[in-house]
Amino acid sequence: MAATATKIGQSGLTFDWTNLKANPEIPHEPTLQAAWQTLKGRFESNEIGFYNLPVTAELNQKSEAVALAKRILEAEHCTDVLFLGIGGSSLGPISLLSALREKVSSKLKFHFAENPDPIECAQTLKKLIPSQTLVCVVTKSGGTYETLALALIALGWSGEARWSSHFVAITDPKKGDLRKFATEKNIPTLAIHPSIGGRFSVLTPVGLFAAALAGLDCDELIKGAQHVREYCEKAPLVKNPLMTLGAELIRQFGKRPIHVCMPYSTCLREWADWFVQLWSESLGKNSKGFTPIAAVGATDQHSILQLLRDGPDNKITFFIAVDEVAEPVVIPKEVQGLSFQGYPAFSILRGNTLQQLLKTEYQATSLVLTKQSRPNLTVKIDSLNERNIGSLYFAFSVLTAVTGTLWDINPFDQPGVEEGKLYIQSTLEKNGAGSSSQSFGANNISGDDDDQNSAVYRLRTLAQKTQLES
Ligand code: PA5
């Protein structure tokens with residue numbers, strides 16, 4: 001069966017992988033069936049919550065997120081919102097607000113602090129006024145040091161009198177320091193369901209609260225995810241690219257382990273960062289995994305394209321192309337003081353729109369790669385609205401879950417990240433409160449296998465315990 005363009009049900013997405021390979025081999029239906037059944041088992045047992053989130057209020061917590069945002073907007077006491085979070089707790093809201101920037105209607109100014117970088121933190125706080133700033137702390141575990149460090153600084157900066165009016169905590173419903181603290185201090189909270197992992201959480205309060213504050217339509221975001229879910233429920237597995245594409249990518253892995261994600265839209269630049277985290281943290285396990293690279297068209301035609309065409313044939317490019325925008329911006333036909341005659345490069349552009357130019361650039365780049373037999377695929381989006389963006393996040397979440405399962409990988413854990421957290425904990429504990437004398441170097445991190453206080457020892461114990469429990 002030849003792979004061509006497939007519309008994902010009622011969503012505004014079309015997956016076109018005509019240029020991925022001349023005759024891709026569609027995996028056998030029983031292989032797909034087995035992987036899908038394994039995944040469905042995990043969804044149905046409520047172990048993994050993201051897939052049922054579009055149809056389960058308890059999982060998406062949309063009403064709670066929208067209601068709290070409404071209360072805050074009505075109070076009109078803030079001009080700025082500062083989000084603190086990292087990884088899955090920041091990339092979702094950052095990419096969502098950027099993708100839908102044309103639709104943002106609220107007057108609030110949004111700021112994101114992810115990295116515990118002293119210079120960035122100081123500069124961000126300097127431009128904000130505590131009495132006018134809502135601080136939203138987002139951490140699923142409630143124990144991520146980068147986020148908690150920034151939260152402690154923000155709590156001190158804002159002052160105790162404002163904690164219950166100027167802070168929101170988005171975290172696990174029961175566990176973690178942040179939940180405990182928010183409950184004690186009467187800080188409004190929103191819950192991330194325990195079955196939904198960070199990088200799969202954009203359509204929970206992690207992304208929905210920011211969206212609602214920005215005046216975006218959260219019902220439509222969820223509706224977009226519903227369309228993709230309905231399609232996955234109904235379409236034959238062998239015809240659903242979210243089921244079959246992963247198998248082809250795995251087949252090409254030996255030769256082409258690098259995936260370049262290149263949206264042709266500045267609004268989707270941060271979406272490519274979200275994809276990089278989703279793809280690498282979910283699939284990079286057991287010596288398997290693709291190396292994702294984020295790029296943006298047309299800008300990176302003047303950076304990475306030469307390498308894609310003539311460098312090693314070890315990459316697959318994922319284009320994301322937007323069909324229509326609300327304001328395509330016309331390149332003027334006439335400019336006072338300028339005669340087009342004798343200026344062929346000027347003349348060729350006149351009367352076009354920037355959107356037409358961007359689409360032409362995408363088509364040209366895809367052709368450049370295809371002519372050189374460099375595989376590429378395109379996800380086409382009708383337009384950048386809430387529904388389609390909800391579909392886009394959900395479609396790639398399903399694609400990731402299926403690809404990992406076909407590859408015999410658990411796409412939902414991140415033991416490497418957890419190990420790093422333990423080493424950080426161990427070193428912070430050793431330094432003790434207020435220590436600032438630590439010199440810079442990896443040797444300060446305790447990884448000693450035999451030391452019962454070391455992070456490695458505790459990690460090993462934790463792993464054994466988890467094995468026993470499961
Ligand atoms: O996807 C994941 O699970 C991770 O990237 C987490 O989002 C990240 O480590 C931050 O974790 P937390 O939300 O617990 O602060």
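First listed ligand is number 1; within each ligand, the first listed atom is number 1. Note that the structure is a prediction, hence the values are computed from the model and not measured. Just so you know, these numbers use all the heavy atoms, side chains as well, and skip hydrogens, waters and symmetry mates.
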**Study point:** For K174, all residues meeting side chain to side chain donor-acceptor pair (under 3.5 Å), sequence neighbours excluded
**Key:** none
Revision key, fill the gap. Ligand 1 to G198, heavy atom cutoff 4.0 Å, flagged ligand atoms 1 (O), 2 (C), 3 (O), 7 (O)
Practice item. Quick one: look up the protein heavy atom nearest atom 10 (C) of ligand 1 and list residue, atom name and how far away it is. Key: I86 O, 3.3 Å
Exercise for review: Any atoms of ligand 1 less than 4.0 Å from a non-hydrogen atom of T144? List them with their elements.
Suggested key: 11 (O), 12 (P), 14 (O), 15 (O)
Check your understanding: Under 4.0 Å from any heavy atom of R199, which atoms of ligand 1 are there?
Key -> 1 (O), 2 (C), 3 (O)
Check your understanding: In the protein, which heavy atom is nearest to atom 14 (O) of ligand 1, and how far is it?
Key -> S141 OG, 2.6 Å
Study note, to complete from the structure: atom 2 (C) of ligand 1 sits nearest the protein heavy atom E281 OE2, 3.1 Å
**Study point:** Any C261 side-chain heavy atom under 4.5 Å of W271 side chain
**Key:** yes
Review point. If we only count N/O pairs under 3.5 Å, is G88 in contact with ligand 1?
Key: yes
Review point. Salt bridge check: are K285 and D413 linked by an N-O gap of less than 4.0 Å?
Key: yes
Revision key, fill the gap. closest protein heavy atom to atom 9 (O) of ligand 1 is K421 NZ, 3.6 Å
Practice item. Give a yes or no on whether D117 atom CG has more than 12 heavy-atom contacts from other residues, nucleotides or ligands under 6.0 Å away. Key: yes
Review point. Which protein heavy atom lies closest to atom 5 (O) of ligand 1, and at what distance to 0.1 Å?
Key: Q277 NE2, 2.6 Å
Point to revise | NZ/NE/NH1/NH2 to OD/OE distance under 4.0 Å, R251 and E248 | key: yes
Point to revise | W274 ring center within less than 6.0 Å of F396 ring center | key: no
Review point. Which atoms from ligand 1 have a heavy atom of Q414 less than 4.0 Å away?
Key: 3 (O)
Exercise for review: Please lay out, stage by stage, how Y51 and E233 fare under the test side chain to side chain donor-acceptor pair (under 3.5 Å).
Suggested key: CA-CA 11 Å; Y51 184 75; E233 291 294 294; 2.5 Å; yes
Review point. Take atom NZ in K180; do more than 12 heavy atoms of anything else shown fall under 6.0 Å from it?
Key: no
Review point. Is there at least one pair of N or O atoms, one from T147 and one from ligand 1, spaced under 3.5 Å apart?
Key: no
